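Structure first, then comments.
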Amino acid sequence: MPVLLHDLLDGPACAGARTAIVHGEETLSYAGLRARVEALAGRLAALGLAAGDRVAILMPKSIPECVALFAVSRAGGVGVPVHPSLKALQVRHIIADSGARVLIAEPSLRAGLGEALDGLDGLLVVDGTSDGTEPAPQVERAGESLAMILYTSGSTGLPKGV
């Protein structure tokens, strides 16, 4: 039976105290990961994220990025990872091309975009902290639902989504 990305956190191997992620010296248990995912998913839902809405994620490879990827799935969205080394106009292109309604961005990376996001009407920008208090509602999606849109680097032109 097909599962959605966030469903991978519910298996028997994902016992609460077991280590889920290690990044450098930082570790996060499955219980901690699920709590942070649920909090960020609730925050996204409170912003009005609907099933199938695109959410760009501009974060360095880190535990918060992992949380964001799972949270977008849990909230019913479609993740659009954006590599932090891309130039501001490439980031803008990906956001516009994918139709992202929300950008989850690490604050220093967001600051580096300058005015590149100007004119993207309706784009909500959040910092990716998982401090929401509302639980994410249950979103009905099939296992065949689109999970992510990955973009090329754009080394020979504008990035292209697949």
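Nothing here was measured: the structure is a model prediction, and the numbers come from that model.
For the salt bridge (Lys or Arg N to Asp or Glu O under 4.0 Å) condition, no pair includes a residue of residues 104-118, sequence neighbours left out. Identified under the salt bridge (Lys or Arg N to Asp or Glu O under 4.0 Å) test for residues 77-87, with sequence neighbours left out: none.
Looking only at distances, no side-chain donor or acceptor of Arg74 sits under 3.5 Å from a matching main-chain atom of Glu38.
With rounding to the nearest 0.5 Å, the separation of CG in Leu103 from CG in Leu117 is 6.5 Å. Note that CG of Leu109 and CD1 of Ile104 are 13.0 Å apart. Values are rounded to the nearest 0.5 Å. Distance check: Ser108 OG to Asp127 CG gives 11.5 Å after rounding to the nearest 0.5 Å.
In this view, Thr152 and Pro159, Lys160 satisfy the side chain to side chain contact (heavy atoms under 4.5 Å, CB included) rule, not counting sequence neighbours. When the side-chain hydrogen bond (donor to acceptor under 3.5 Å, both in side chains) test is applied to Tyr151, the partners found at least two apart in sequence or on another chain are Asp97. Partners of Ala20 according to the side chain to side chain contact (heavy atoms under 4.5 Å, CB included) rule, which considers only residues two or more places apart in sequence or in another chain, are Tyr30, Leu33. Here Ala46 pairs with nothing under the side chain to side chain contact (heavy atoms under 4.5 Å, CB included) rule; sequence neighbours left out. Taking the side-chain hydrogen bond (donor to acceptor under 3.5 Å, both in side chains) definition, one finds that Ser85 meets it with His83, sequence neighbours left out. For Val162, the side chain to side chain contact (heavy atoms under 4.5 Å, CB included) partners at least two apart in sequence or on another chain are Leu150.
Two residues are said to be in side-chain contact when any heavy atoms from C-beta on lie closer than 4.5 Å; His23 and Leu28 fail this criterion. When side chains are defined from C-beta on, Met148 counts as touching Pro81, because their heavy atoms get closer than 4.5 Å.
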In a table with atom names and distances, give each donor-acceptor pair under 3.5 Å that connects a side chain of residues 48-72 to protein atoms at least two apart or in another chain.
| unit_1 | atom_1 | unit_2 | atom_2 | d |
| --- | --- | --- | --- | --- |
| Asp53 | OD2 | Ala50 | N | 2.8 |
| Asp53 | OD2 | Arg101 | NH1 | 2.6 |
| Arg54 | NH1 | Gly52 | O | 2.8 |
| Lys61 | NZ | Glu65 | OE2 | 3.4 |
| Ser62 | OG | Pro60 | O | 2.9 |
| Ser62 | OG | Glu65 | N | 3.3 |

- Item | Verdict with supporting geometry, Val22 and Thr19, side chain to side chain contact (heavy atoms under 4.5 Å, CB included) | CA-CA 7 Å; Val22 176; Thr19 299; 3.6 Å; yes

- Query: What do the steps show when you test Ile21 against Thr27 for side chain to side chain contact (heavy atoms under 4.5 Å, CB included), and what is the final call?
  - Reply: CA-CA 6 Å; Ile21 304 173; Thr27 63; over 6 Å; no

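If you chain together hydrophobic residues whose side chains sit under 4.5 Å apart, Ile94 and Leu89 never meet in one group. Clustering ILVMFWY residues whenever any of their side-chain heavy atoms sit less than 4.5 angstrom apart, transitively, puts Leu158 in a cluster other than the one holding Val91.
Of all heavy-atom pairs between Ala17 and Ser29, the closest is O-CB, 3.9 Å.
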